[in-house]
Peer 1: 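Starting off with a structure, shown below.
We name chains A, B, ... by the order of the sequence lines, and we start the count at 1 in each one.
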There are 2 protein chains.
Amino acid sequence: MWQQFTSSFFNKVDTKGRVSIPALWRKALELRNAEGNIVLVPGFRDKNCVEGYAPDEYQRMSAAVSRMHPSDPNRRKLEYRLMGRALPLQLDDNGRIVLPKEMRDRFDLGGDVAFVGAGESFQIWSRARYDEFIAPLDDDEDFDALAAMPWDPPGAAP
Amino acid sequence: MWQQFTSSFFNKVDTKGRVSIPALWRKALELRNAEGNIVLVPGFRDKNCVEGYAPDEYQRMSAAVSRMHPSDPNRRKLEYRLMGRALPLQLDDNGRIVLPKEMRDRFDLGGDVAFVGAGESFQIWSRARYDEFIAPLDDDEDFDALAAMPWDPPGAAP
DNA sequence: TTGATGCCCACGGAATCCCATGCTAGAAAA
DNA sequence: TTTTCTAGCATGGGATTCCGTGGGCATCAA
């Protein structure tokens, strides 16, 4: 559970494109891989933000793609979007990464950015865009997605 | 994972036909084979670009072809396209390779080219052709390929 | 000669490393 | 309770290394 990415953080990107990865998540990353490795994938599942994965989770996904038959046209598409854009990075000894310039431009990641936990992955948003995005979700909506949640009653077998 | 070819890079082919292999991938190649060997196959899976493989991966593929029955007509075709056109190269000590002239002409590989990671392999495109090719994939609204991805829930057996 | 190929060195800009500085929260002391 | 101290964290700046790129020579073939 502490291996998961939870909570939200708002950090700053400096002029060189550096940002601190939230300390809580650095601990999560350490539990998953000793070296401070991390994989960023821009706009994979959500096209308005950059997604971050621990190496093991990224490998799970890319392995799934690699299992598809080479002639499958969907494999090709997934390769371009997942492998073709994935950026393996490692934290410096201050716990920071540098966001490449193209990524900063495309997702408006200068100044304030939001780190949003999503369990097995996390997202990096432009602060402004995130606020805009999250407001309607917070405002009353009769959250019917809850009904779609798979439900194992407490105490059931793992 | 550091053995994989991820991300994209845009380098220049000079007047002699030389290009730098992205430094990140040189490290991946070193992890797979000590000497800086690499195999280029023009238009194998995708006819608009040159594909690059680490020697071990290339051998995996050619071994698969060799296992086909000699009378299988597809075997002959695969032999022509995979073995018959493969070009084993090795990096110079600046990390560059020389693209043969026929390849440059056929795939328009002069000036700006794109190196696109595809996990076990990578592709070399003319920059212009790649931009043209990738745009519609980016604009693809609800990325249906994602639905086609095989999915093992986290925690499932490897 | 002409042109292709391989090898070496040189340069500029960008990425990376290393050290410094506030800030804050929580512990320790009064 | 209030005050002080301290350790961890986010952030900034300077210095250094790395990497992509271009050019110069030799060597060899046509």
Peer 1: Check the surroundings of atom CZ in B/Arg76: do more than 12 heavy atoms from other residues, nucleotides or ligands lie under 6.0 Å from it?
Peer 2: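 No, because the 6.0 Å sphere around CZ of B/Arg76 holds 12 heavy atoms or fewer from other groups.
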Peer 1: Nearest 0.5 Å please: distance from the CE atom of B/Met103 over to the CG atom of B/Leu40.
Peer 2: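 With rounding to 0.5 Å, CE (B/Met103) is 5.0 Å from CG (B/Leu40).
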Peer 1: Rounded to the nearest angstrom, tell me the gap between atom CG in B/Asp14 and atom P in D/dG24.
Peer 2: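 Spelled out: CG on B/Asp14 to P on D/dG24 is 13 Å.
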Peer 1: Report, as yes or no, whether the 6.0 Å neighbourhood of atom CZ on A/Arg26 holds more than 12 heavy atoms from other residues, nucleotides or ligands.
Peer 2: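 Counting neighbours around CZ of A/Arg26, more than 12 heavy atoms of other residues, nucleotides or ligands fall under 6.0 Å, so yes.
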Peer 1: Is it the case that the base of D/dG8 and the side chain of A/Arg26 share a donor-acceptor contact (distance under 3.5 Å, atom types as modelled)?
Peer 2: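 By the distance-only test, no, there is no pair.
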Peer 1: Using whole Å, report how far CG of A/Leu24 lies from C1' of D/dG8.
Peer 2: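 In whole Å, D/dG8 C1' lies 14 Å from A/Leu24 CG.
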Peer 1: Return the value, rounded to whole Å, for the distance between atom NZ of A/Lys16 and atom C1' of D/dT16.
Peer 2: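 Going from NZ in A/Lys16 over to C1' in D/dT16 covers 11 Å.
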Peer 1: Take the protein atom CG of A/Asp93 and the nucleotide atom P of D/dG8, then report the distance between them rounded to whole Å.
Peer 2: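 Atom CG in A/Asp93 sits about 15 Å away from atom P in D/dG8.
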Peer 1: B/Tyr130 and B/Val113: side-chain contact (heavy atoms from CB on, under 4.5 Å), yes or no, with the steps?
Peer 2: CA-CA 8 Å; B/Tyr130 178 68; B/Val113 296; over 6 Å; no
Peer 1: So B/Asn94, base contact, sugar-phosphate only, or nothing? Heavy-atom distance under 4.0 Å.
Peer 2: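 Result for B/Asn94 = base.
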Peer 1: Does a nitrogen or oxygen in the side chain of A/Arg96 sit under 4.0 Å from OP1 or OP2 of D/dG13?
Peer 2: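 For A/Arg96, the contact criterion (side-chain N or O under 4.0 Å from OP1 or OP2 of D/dG13) is not met.
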Peer 1: Could you tell me the boundaries of the chain A footprint on DNA chain C, defined by atoms under 4.0 Å from its heavy atoms?
Peer 2: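 Reading along DNA chain C, I get C/dT16 to C/dA20.
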Peer 1: Any base atoms under 4.0 Å from A/Val98, or only sugar-phosphate, or nothing? Heavy atoms, all strands.
Peer 2: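 Sugar-phosphate, no base atom in range.
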Peer 1: Are any of B/Lys27's side-chain N or O atoms less than 4.0 Å away from OP1 or OP2 of D/dC18?
Peer 2: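 Indeed not, no polar side-chain atom of B/Lys27 lies that close.
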Peer 1: Just the rounded figure in Å: distance from C1' of D/dT21 to CG of B/Asp92.
Peer 2: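 Roughly 12 Å, once rounded to whole Å.
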Peer 1: Near B/Arg60 CZ, under 6.0 Å, is it more than 12 heavy atoms from other residues, nucleotides or ligands?
Peer 2: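 Incorrect, the count does not exceed 12.
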Peer 1: Within this structure, what is the CZ-to-P distance between B/Phe10 and D/dG20, rounded to whole angstrom?
Peer 2: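 To the nearest whole Å, that distance equals 14 Å.
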Peer 1: Starting at atom CH2 of B/Trp25, determine the distance to atom C1' of D/dG20, rounded to an integer number of angstrom.
Peer 2: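 Atom CH2 in B/Trp25 sits about 15 Å away from atom C1' in D/dG20.
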Peer 1: In terms of relative ring orientation, are B/Trp25 and B/Phe122 parallel, tilted or perpendicular, with 30° and 60° separating the classes?
Peer 2: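 The arrangement is tilted - the two ring planes meet at 30° to 60°.
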Peer 1: Ignoring hydrogens and geometry beyond distance, is the side chain of B/Arg18 in donor-acceptor contact with the base of D/dG20 at under 3.5 Å?
Peer 2: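 Answer is no: no donor-acceptor pair is held.
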Peer 1: Can you find a heavy atom in the side chain of B/Phe107 that is under 4.5 Å from one in the side chain of B/Ile124?
Peer 2: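 Not touching, per the 4.5 Å side-chain cut-off.
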Peer 1: What contact category does A/Ile21 fall into here, base, sugar-phosphate, or nothing, at under 4.0 angstrom with non-hydrogen atoms?
Peer 2: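 Sugar-phosphate, no base atom in range.
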Peer 1: Describe the nucleic acid contact of B/Lys101 in one word from base, sugar-phosphate, nothing, applying a heavy-atom distance below 4.0 Å.
Peer 2: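 Nothing: the residue B/Lys101, judged by heavy atoms under 4.0 Å, touches no strand.
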